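Predicted model, so just to flag it, every value in this text is computed and none were measured.
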Amino acid sequence: MLKFFRRIRQNLLIQNKTSKYFKYAIGEIVLVVIGILIALQINNWNEERKRANQENVILQSLKSDFKESEKRLQHTLMMQKNALSRSISLISIYEDKIPMPINDSIKMFVEYGAFSWYRAELVTGAYDALINTGDSDLIKNGELNRLLAEYFSILNAGFEDQETSMFLLHRLQIIAEPILLTLSVPQLRNRIGLQQNSDADKEAEAIKFLFKQKAFFGHLYNKTQLEDLRHSIQKDLMNRITEILAIIDEELKPIEND
């Protein structure tokens with residue numbers, strides 16, 4: 001092709017057609033420029049397609065992580081809510097706000113209320129990889145970037161109550177140690193192969209002992225407040241996950257419809 005153009009130029013010069021030569025030369029330059037622009041445009045299209053494919057992979061990974069975190073949070077929030085309800089019932093009985101229930105209910109309130117602690121272990125692998133590789137700019141949706149940054153900022157800040165909650169839980173268990181065997185729930189005894197307690201008098205004495213322990217209910221009150229705070233934080237995280245997943249699904253729709 002280049003030889004062909006060179007031959008034309010040489011013929012024009014030989015024939016002394018200077019004006020035609022310059023016109024031809026200008027036309028050739030224009031064609032070269034157009035060719036370069038087309039090549040650049042094709043290269044840009046290829047780069048955009050490559051970035052779009054990379055973004056798609058990132059969004060799919062984020063979606064997978066957030067769906068798993070959503071499932072874990074749903075379970076944790078349900079267990080937290082039940083634990084809070086039982087702890088509040090135990091405190092209300094102590095304060096004579098509600099009547100004393102049957103012994104089995106007290107066992108449930110103690111084991112699955114006072115002695116419970118729940119926090120979801122959320123999945124962060126896809127986002128951690130995104131930050132570590134410096135590929136966060138591949139996500140074009142500004143709102144999604146903002147929500148992701150806020151979500152992981154809250155998550156990475158940690159749950160400040162954890163150390164205090166663990167301390168309070170430990171204190172509750174120490175105070176209740178003398179009656180733990182008597183008030184243990186059947187499900188937990190079965191799990192480790194122990195026979196059931198069936199001495200109603202011992203259970204009644206154990207409950208009387210428990211409700212004389214002022215420190216137990218003081219610790220339980222503090223722990224319940226912290227549990228309620230953690231429950232609120234995790235509810236907020238759940239709402240943010242719902243919002244993030246909705247945006248990711250919208251971003252993936254055009255790709256999935258192709």
Side-chain angles (χ1 to χ4, degrees), residues 30 32-84 116-166 224-258:
V30 170
V32 170
V33 170
I34 291 173
I36 292 171
L37 291 175
I38 291 173
L40 287 173
Q41 186 61 49
I42 291 172
N43 184 62
N44 288 338
W45 285 338
N46 288 334
E47 284 298 315
E48 277 299 311
R49 186 170 60 180
K50 182 180 175 182
R51 288 175 66 86
N53 289 337
Q54 289 176 310
E55 183 186 23
N56 179 46
V57 171
I58 290 168
L59 292 177
Q60 292 286 5
S61 296
L62 286 171
K63 180 178 179 178
S64 177
D65 280 6
F66 276 109
K67 291 296 286 185
E68 177 61 27
S69 291
E70 183 180 48
K71 184 170 67 175
R72 294 183 184 187
L73 261 179
Q74 284 173 342
H75 175 72
T76 299
L77 286 170
M78 179 187 69
M79 300 301 289
Q80 274 186 320
K81 186 176 180 181
N82 290 337
L84 279 167
S116 292
W117 189 89
Y118 298 100
R119 174 185 148 189
E121 292 298 326
L122 304 181
V123 185
T124 64
Y127 187 77
D128 290 342
L130 184 65
I131 297 303
N132 291 336
T133 57
D135 288 337
S136 56
D137 62 325
L138 289 171
I139 298 178
K140 297 191 292 288
N141 189 303
E143 179 67 5
L144 178 57
N145 273 315
R146 183 185 68 80
L147 289 171
L148 287 171
E150 289 179 358
Y151 173 87
F152 283 100
S153 176
I154 294 169
L155 191 60
N156 292 333
F159 294 87
E160 296 178 358
D161 69 292
Q162 181 166 336
E163 188 174 337
T164 304
S165 291
M166 290 294 98
T224 303
Q225 285 187 315
L226 292 175
E227 291 289 330
D228 183 65
L229 175 61
R230 190 176 337 108
H231 184 263
S232 297
I233 292 172
Q234 295 195 117
K235 274 180 68 178
D236 178 54
L237 288 174
M238 176 62 90
N239 292 334
R240 290 174 184 274
I241 286 175
T242 301
E243 195 172 355
I244 287 168
L245 282 172
I247 294 177
I248 290 176
D249 283 338
E250 281 299 313
E251 290 295 304
L252 289 173
K253 260 184 188 177
I255 299 169
E256 292 171 350
N257 291 335
D258 285 346

Student: With rounding to the nearest 0.5 angstrom, report the CD1 to CG distance, Ile241 to Leu73.
Tutor: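 Interatomic distance, Ile241 CD1 to Leu73 CG, rounded to 0.5 Å: 5.0 Å.
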Student: With Gln80 as reference, evaluate Gln234, His231, Lys235 under the side-chain hydrogen bond (donor to acceptor under 3.5 Å, both in side chains) test and give the passing residue.
Tutor: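 Filter result, single survivor: Gln234.
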Student: Do side-chain atoms of Arg72 reach the backbone of Glu121 as a donor and acceptor pair under 3.5 angstrom?
Tutor: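 Yes.
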Student: Say whether, by atom type as modelled, one donor and one acceptor occur between the side chain of Ser61 and the main chain of Val57 under 3.5 angstrom.
Tutor: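 It does hold such a pair.
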Student: Tell me yes or no: between the side chains of Arg119 and Ser165, is some donor less than 3.5 Å from an acceptor?
Tutor: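 There is no such pair between these side chains.
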Student: So that I know where these two stand, are Tyr127 and Tyr151 an aromatic pair - ring centroids less than 6.0 Å apart?
Tutor: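 That pair fails the under 6.0 Å test.
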Student: Treating Ser69 as the side-chain partner and Val123 as the backbone partner, does any N or O pair qualify as donor plus acceptor under 3.5 Å?
Tutor: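 Yes, Ser69 side chain to Val123 backbone: donor-acceptor pair under 3.5 Å.
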Student: Any sub-3.5 Å donor-acceptor pair from Asp228's side-chain atoms to Leu84's backbone N or O?
Tutor: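 No.
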Student: Would you compute the distance between atom NZ of Lys140 and atom CG of Asn145 and round it to the nearest 0.5 angstrom?
Tutor: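 Taking NZ in Lys140 and CG in Asn145, the distance rounds to 11.0 Å.
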Student: Measure the CG-CG distance between Leu77 and Asn82 for me, rounded to the nearest 0.5 Å.
Tutor: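 The CG atom of Leu77 sits 11.0 Å away from the CG atom of Asn82.
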Student: First locate atom CG of Leu147, then atom CG of Leu245, and finally report the distance between them rounded to the nearest 0.5 Å.
Tutor: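 If I round to the nearest 0.5 Å, the distance is 11.0 Å.
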Student: Just how far is it from atom CE of Met166 to atom CD of Glu163, taken to the nearest 0.5 Å?
Tutor: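 One finds 10.5 Å between CE of Met166 and CD of Glu163.
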Student: Give, for atom NE2 of His75 and atom NZ of Lys71, the distance between the pair rounded to the nearest 0.5 Å.
Tutor: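 Taking NE2 in His75 and NZ in Lys71, the distance rounds to 11.0 Å.
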Student: If you define the side chain from C-beta out and look only at heavy atoms, does anything of Glu250 sit under 4.5 Å from Asn141?
Tutor: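 Counting from C-beta outward, Glu250 and Asn141 never come under 4.5 Å.
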Student: Determine yes or no for a side-chain-to-main-chain donor-acceptor pair under 3.5 angstrom, with Asp135 supplying the side chain and Leu138 the backbone.
Tutor: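 Between the backbone of Leu138 and the side chain of Asp135 there is no qualifying donor-acceptor contact (under 3.5 Å).
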Student: Salt bridge (charged side-chain N to carboxylate O under 4.0 Å, His left out), that's the test. Do Arg240 and Asp236 meet it? Break it down for me.
Tutor: CA-CA 6 Å; Arg240 290 174 184 274; Asp236 178 54; 3.0 Å; yes
Student: Do the non-hydrogen side-chain atoms of Leu144 and Ile244 ever get within less than 4.5 Å of each other?
Tutor: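 When only atoms from C-beta onward are counted, Ile244 and Leu144 do touch, with a gap below 4.5 Å.
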